There are 2 protein chains.
Amino acid sequence: MNPTRPQALGSTTHNSPQGVSRMRRQSTAADGQRRATVTDVARQAGVSTATVSRVMNRNYPVAEATRARVEAAMRDLGYVVNAHARALAGASGRTVGIIVNELIDPFYAYIARGVEREAALGGRLCLVCCAQGDPQRELAFVELMHERRADAVIVVGGSVADRGYTSELARRARELDAGGSKLVLCGRPPLGEQAPTAAVEYDNEGGAFAITDHLLMQGHERILYLGGPPKLSTTRDRLAGHRRALELRGVTPDPELTQTGTFSRNFGYRRMTELLQDGPEFTAVFAANDIVAAGAAQALEEAGVRVPEDISLVGYDDIPVAQELRPRLTTVHVPLEEMGRQAVRLAVGGGDEDDWREPTAGALRLGTHIVVRDSVAPRSGRTARM
Amino acid sequence: MNPTRPQALGSTTHNSPQGVSRMRRQSTAADGQRRATVTDVARQAGVSTATVSRVMNRNYPVAEATRARVEAAMRDLGYVVNAHARALAGASGRTVGIIVNELIDPFYAYIARGVEREAALGGRLCLVCCAQGDPQRELAFVELMHERRADAVIVVGGSVADRGYTSELARRARELDAGGSKLVLCGRPPLGEQAPTAAVEYDNEGGAFAITDHLLMQGHERILYLGGPPKLSTTRDRLAGHRRALELRGVTPDPELTQTGTFSRNFGYRRMTELLQDGPEFTAVFAANDIVAAGAAQALEEAGVRVPEDISLVGYDDIPVAQELRPRLTTVHVPLEEMGRQAVRLAVGGGDEDDWREPTAGALRLGTHIVVRDSVAPRSGRTARM
DNA sequence: TTGAAAGCGCTAACAC
DNA sequence: GTGTTAGCGCTTTCAA
């Protein structure tokens, strides 16, 4: 815990205006090298630090000859500007933060990609963290990113409507806002009126409605909803759309047919296996997402149940695995990458640096649509467990 | 490269040529709020800034009552420490940078996950960038991360042995090193003696050797090597292992059977389709990675060629898709996540803050092994295009 | 076109 | 235990 700064050899400390001959921040290896600073560059080029700064930022006229000398000096010294100093001195840190559950989950990876690309267009770098589904971790990361003065902090994915958590996040949102940053909710519900956030949503409920209706149109009425943490907003919305479709067609939802759990492949596999042996009857499965669908597909396969002849299967998200499964999975497409892009645009405006133009509105909702592939067929006479 | 602010990442040059100045980074909305600083907290709590600092850092005794007052003040003011100021004042920025080709590629995503997790253990945040296979972009990102004074900059994935590029990267490595940071090469060859880097490799050649041998043992001799950028170190190593195995069994490599290209699914699909119609004969396919294998599998499927009965197929990397393909793909396992973890450990030492102990050695190589699943069978009488 | 100098917010000697 | 104070490296008035 002791960030001791290897201090100064007192003798040289005070002499010339540029008295700088000490060393700090040594690498563990013996090096002795100190990083070059503007002052070094200025001295070497025989100009003032102000001029060096102007050369770097190209925001003020500098004589060609001077510029050349300065640039040569920078090269000679291996000078690399210190972003911390620059940020401290007033400039933006040119950083956006993004917090996802899990980087290896394509749902998040695609959104992260959108964020990264859009950020890069604006010359910004991305801080990315994985909260692993833990709200406390998420909150801690928001704080860490605030400390870094990120231009925007984007939290991705569904959330649980916990009282304490929500108000805590709202507080962070206010603090960020007060400092000129923005908290962006990506794929989750708003925090409430008093929280200054931006938001990018997608029509989650609508997608679930559409794909359920697709199933209903094929004659399926006993549809198993499988997976997804029951308290997560994502699950709730999907379930809501699912039920709305059911009710619209006069099908009464059977509680036994709602088997929530997690978003994992493993859950899909295990629960499906159990249900096939000893569960309610159904002719179609609506997996909470494509990953769960992959697990379910394996269970079905192992049980000798044919998809879609015996049972139809659909997923959600339309991540790449949907195209690798056999039969190829019918699912709901979500504009993941675009969500990521919009999230940063919402918070920091278009690519260019000095965005006088107001960033996009404060919230937007992108559409979803179903992608019909090969995993759905008209209902046959059979049901699971025949 | 111009030591000036390396833009290049975005489409537009930020820094408009003319005065950007004015207006110190306020939020676009009218806020007027200034962020609280240590000084504010100190005043509010009736103590000095030093005390506030001590309370925050818990690195020096502070009276309970004082601490309480300070903490209350921080809370009241919504104080959030400024990491830039802190870093400037001497502390480490507690950041590690990682540069990958593509976040949605599981190969990189797993490594990134390892990096993120290990970094988080040490209380560090990750800057992540996607170079998209462009060496210039990569170089620019290294620079940007250096500006941010990342404790380590990890570049992931194969590289092409370009003269200029290599020396440029080596230069950056030296600059980073001089400042106490480390450039870590993850899954790529060293830069040469004069470059102070750390490195995490995996036994790429060995894995290719092993899986080729596996194919040979099943009687396959005409093995098609499919995909991967021909100049990339990754491809070269895999091909080297492949050929070594061939030669060891007395099989003369047929140039026609080496069809390099890219690492994409699409390439696998298209080239495979072409080859099936009009190419050399072969009884097995060694896809450069699992993604290419997925594409090849689809081509095979559409051509009515059975795997593994008619043709055997193997991949490389052992990413999740390998388990979704039917038949499940035999492939080479690479300890991706572990590579990421080791990369940060190598550069910044174990989790704890003041790592006086020297980080792990300067380079290490992790093992690979084949994972036998269902996509390989003994050679049948048939060959492709019978 | 250039220079001098005042900070930005924080940490860490060094007093007291 | 706590306060004073001198920077850390850069940007940006304000003068020249």
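As the structure is a prediction and not an experimental result, all values here were calculated from the model. Here is the naming used below: chain letters follow the sequence lines, and residue numbers restart at 1 for every chain.
- Between D177(A) and R174(A), no side-chain nitrogen of the basic residue sits less than 4.0 Å from a carboxylate oxygen of the acidic one, so the salt-bridge criterion is not met.
- Minimum heavy-atom separation, V184(A) to A347(A): CG2-CB, 3.6 Å.
- The pair E168(B)-R171(B) meets the salt-bridge criterion, with a side-chain N (NZ, NE, NH1 or NH2) lying under 4.0 Å from an Asp/Glu carboxylate O.
- Counting non-hydrogen atoms of neighbouring residues, nucleotides and ligands closer than 6.0 angstrom, the CD atom of Q194(B) exceeds 12 such neighbours.
- The distance from atom CZ of R149(B) to atom C1' of dC8(D) is 11 Å, rounded to the nearest whole Å.
- When the nearest nucleotides of DNA chain C are assigned to Y60(B) and H84(B) by heavy-atom distance, the more 5′-ward of the two goes with H84(B).
- Whole-Å rounding puts the R86(A) CZ to dG9(C) C1' distance at 18 Å.
- Separating the NE2 atom of H146(A) from the C1' atom of dG9(C) is a distance of 13 Å, rounded to the nearest angstrom.
- The 5' end of DNA chain D is approached more closely, in terms of each residue's nearest nucleotide, by R69(B) than by the other of A85(B) and R69(B).
- When the side-chain nitrogen and oxygen atoms of S53(A) are compared with OP1 and OP2 of dT11(D), one or more of them lie within a distance under 4.0 Å.
- Regarding N59(A), its CG atom lies at a distance of 12 Å from the C1' atom of dC10(D), rounded to whole Å.
- Fit an axis to the five pairs at each end of the helix from dT1(C)-dA16(D) to dC16(C)-dG1(D) and the two axes sit 30° apart, to the nearest 10 degrees.
- Side-chain contact check for H146(B) and R35(A): at least one donor-acceptor pair (N or O, by modelled atom type) lies under 3.5 Å.
- With sequence neighbours left out, the side-chain hydrogen bond (donor to acceptor under 3.5 Å, both in side chains) criterion links R117(B) to E102(A), Q132(A).
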What nitrogen or oxygen pairs link the protein and nucleotides 3-7 of chain C at under 3.5 Å?
unit_1	atom_1	unit_2	atom_2	d
dG3(C)	OP2	S48(A)	N	2.8
dG3(C)	OP2	S48(A)	OG	3.2
dG3(C)	OP2	T51(A)	OG1	2.7
dG3(C)	N7	R54(A)	NH2	2.8
dG3(C)	O6	R54(A)	NH1	3.4

| field | Working for side chain to side chain donor-acceptor pair (under 3.5 Å), residues S92(A) and D151(A) | value | CA-CA 7 Å; S92(A) 144; D151(A) 298 329; 3.0 Å; yes
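- Minimum atom distance to the side chain of N82(A) is reached by dC10(D), of the listed dC10(D), dT11(D), dT12(D).
- Considering all non-hydrogen atoms of both residues, L346(B) and G362(B) come closest at CD2-O, 4.0 Å.
- In this structure, the CZ atom of R67(B) is 14 Å from the C1' atom of dT2(D), given to the nearest Å.
- Here the P atom of nucleotide dG9(C) and the CZ atom of R43(B) are 12 Å apart, to the nearest Å.
- Between Y79(B) and dC10(C) there is a side-chain polar atom (N or O) within less than 4.0 angstrom of OP1 or OP2.
- One interatomic measurement links the two molecules: CZ of R58(B) to P of dT11(C), which rounds to 14 Å at whole-angstrom precision.
- Atom CG of L88(A) and atom C1' of dC8(D) are 9 Å apart (whole Å).
- What you find for V81(A) and R149(B) is that their closest heavy atoms are O-NH1, 3.3 Å.
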